[in-house]
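Have a look at the structure below, then the notes.
For clarity, every value in this text was computed on a predicted model and none was experimentally measured.
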Amino acid sequence: MKNKKTRIAQAFQRGLLVLVAIAFLATTAFLWLIQTRLSENNAISLLALNLSDVREDIIDASDENLLELTESIASDLNAIEHIDSACLPALIAQYDVTEINVIDPNGFITATTYPDFMNYNMRSGDQSAEFMVLLEGQDAYVQGYRPVSYDASISRKYGGAVLERGGFVQVGYGAERFQRDIDEFIVGVTRNRHVGEGGCIIIVDENWNIVSDRYGNEGKNLNVTGIWIDSASMPENQVFTAEVYGQICYCMYRTTEGYCIVAAMPRSEAALSRNVSVGVTTAMQIVVFAALFIMIFILVKRLVVNNIYQINDSLSAITEGKLDTVVDVRSHVEFDDLSNDINSTVDTLKRYIADAAARIDAELSFAKAIQHSALPSIFPPYPDKKEFDIHAAMYTAKEVGGDFYDFYFVDENTLAFLVADVSGKGIPAAMFMMQSKALLKSCAESKMSVEQVFTTANEKLCQGNDAGMFVTAWMGLLNVKTGALTFANAGHNPPLLKRADGSFECLRTRAGFVLAGMEGIRYRKNEMQLNPGDILYLYTDGVTEATNESEKLYGEERLLKLLNTHSFASAQIICEAVKADVDAFVGNAEQFDDITMLCLRYNGEVAP
């Protein structure tokens, strides 16, 4: 056991290292969160800035295009002596626009391509009233592309220019002409535009078809980029994340002039400044925390640990049986008192050892005999029952142990069988084992179902369990005539099952909580059908956790391999083979845990 323990210096070093590491990680995590938020905010600002720039470019190009058309039409109208609605269709055809309205100096429409608009007062509508600035000294005005006031399903862009004779002309064109004219400009607007180093700007029309894209995907739907936008649930100017051309990016969009502008920036690029800042700060923190760790460790080691090592050396000699050893560490008052107390204790101990040894040996031998007598030990236990073959064995690590097995008939055809493991070892475990065994058997013989047995036993074992002990158990109720098996697991190793035509494998089901661990636990009943030739092997962890002198575990894999080589043997031979193989594996190493196993082979109903 000494070799399995660490020195106090090592334990303190590890504990201090853990605390320093926690402090380091906490400060680094906080810094990471702050820098992540800053990098995200910077990315959002950069996306918004690029969207605004592109939006302004589109609006400027759109305004310039319409203004040029409007001024050309105004020039032609200035050359006409008398302007009326009859002269406007020719201009509509010539300039391929949708609507022309001529407004007099009083703000009334005097000529129009829409008869319903004649004599309309431009000041009377919110949209049309914007053009009144042309009667107040401004030479030209362009309105944004938007739905018209009289029909929200129609979107147009209007421009106005002052006429030489007074008043002004208002020209509007619809979506088709607007898109045709402005697309020529927009196609190239994103070619050389980047968001950061690796980001991009994508412009799509009202049908989500790409108009401009630095990767040349014009005419394709936006989804080829990896971006999907639901304008109903994804507001403009709010950042979202999408995989754009194979990179996870921060994205944002805005709509203008009938277009949707999408900006994307790789998240890895956005986090570059965060990574640099966190890297530099982390390097500084490593130096500071390392220095702090070294200074604290050296101080504690000199004042405390070295003296404890001296006392420990003396105690090691005492524990090895050299009771004449004297502890003599006097560097501080506390260690002086400790040395005196240890020496006094050793003197007292020597007076009691001789008497106690003889008494304990006798009591343990008697307890071991009582414990083993409580377990079924005659095999075969039911010579007249040919439907099954059962064998079990328990090998305690000390004189008495906490493992146990049991099997008995609760009615004419139902066999109850179980394997359990009590926490701890020695006398307390043995006493709790006897109590648990008797309680489980009492519940089972009262015709309870297997899950009720565990539920009832758990409640009773929790009562007065001041020592905090608990039991893991696996219990099954087998109808020896039909092979129907119901079982429950209270935190125990799952048994190994071999079907008649297969090999051993783990019977994995959801395990319940341990018995005596907590009140109010309800256990799950599992059901399965055993067929003639099937074998169940139940065991405690003392089998798989048996350790040899090289500190290697016996393990489940080795157990399965052994069982499969004896799969056609009797239950007794299987148990004896496992114990022999465990002993051979362990060698001269001390057994530190109880080894308990139970093997049941189901033969089925045998004809007389």
Among all residues two or more places apart in sequence or in another chain, which pass the side chain to side chain contact (heavy atoms under 4.5 Å, CB included) test with [X]?
X	value
Ser231	Tyr253
Thr565	Leu562
Asp421	Asp403, Thr472, His492, Thr540, Asp541
Leu292	Ile296

Which residues satisfy the salt bridge (charged side-chain N to carboxylate O under 4.0 Å, His left out) test with [X], sequence neighbours excluded?
X	answer
Glu40	none
Arg123	none
Glu527	Lys525

Could you tabulate the donor-acceptor pairs under 3.5 Å formed by side-chain atoms of residues 66-73, not counting sequence neighbours?
residue	atom	partner	partner atom	Å
Thr70	OG1	Leu66	O	2.8
Ser72	OG	Glu68	O	3.0

Does [atom1] in [X] sit with more than 12 non-hydrogen atoms of other residues, nucleotides or ligands closer than 6.0 Å?
X	atom1	result
Arg254	CZ	yes
Glu136	CD	yes
Gln138	CD	yes

Hey, does [Y] have a side-chain heavy atom less than 4.5 Å from the side chain of [X]?
X	Y	result
Leu507	Leu536	yes
Val169	Ile83	no
Asp76	Gln94	yes

Side chain to side chain donor-acceptor pair (under 3.5 Å) filter on Arg146, not counting sequence neighbours, yields Glu130
Output all residues satisfying ring pair (Phe, Tyr, Trp, His ring centres under 6.0 Å) with Phe585, sequence neighbours left out; order by chain, then residue number. Tyr554
Working for side-chain contact (heavy atoms from CB on, under 4.5 Å), residues Asn65 and Tyr173: CA-CA 11 Å; Asn65 181 71; Tyr173 58 14; 3.0 Å; yes
Give me the ring orientation class for Trp474 and Phe487: parallel if the planes are under 30° apart, tilted from 30 to 60°, perpendicular past 60°. parallel
Do any side-chain atoms of residues 109-118 form donor-acceptor pairs under 3.5 angstrom with protein atoms, and if so which ones, sequence neighbours left out?
residue	atom	partner	partner atom	Å
Thr110	OG1	Val102	O	3.4
Thr112	OG1	Asn101	OD1	2.4
Thr112	OG1	Tyr114	N	3.0
Thr112	OG1	Tyr114	O	3.4
Thr113	OG1	Ile100	N	3.3
Tyr114	OH	Arg156	NH1	3.4
Tyr114	OH	Arg156	NH2	2.8

Quick one: does Asn458's side chain have a donor or acceptor within less than 3.5 Å of a partner on Phe454's backbone? no
Quick one: ring-ring contact (aromatic ring centres under 6.0 Å, His included) pairs with a partner in residues 226-249, sequence neighbours left out? Tyr215-Tyr245
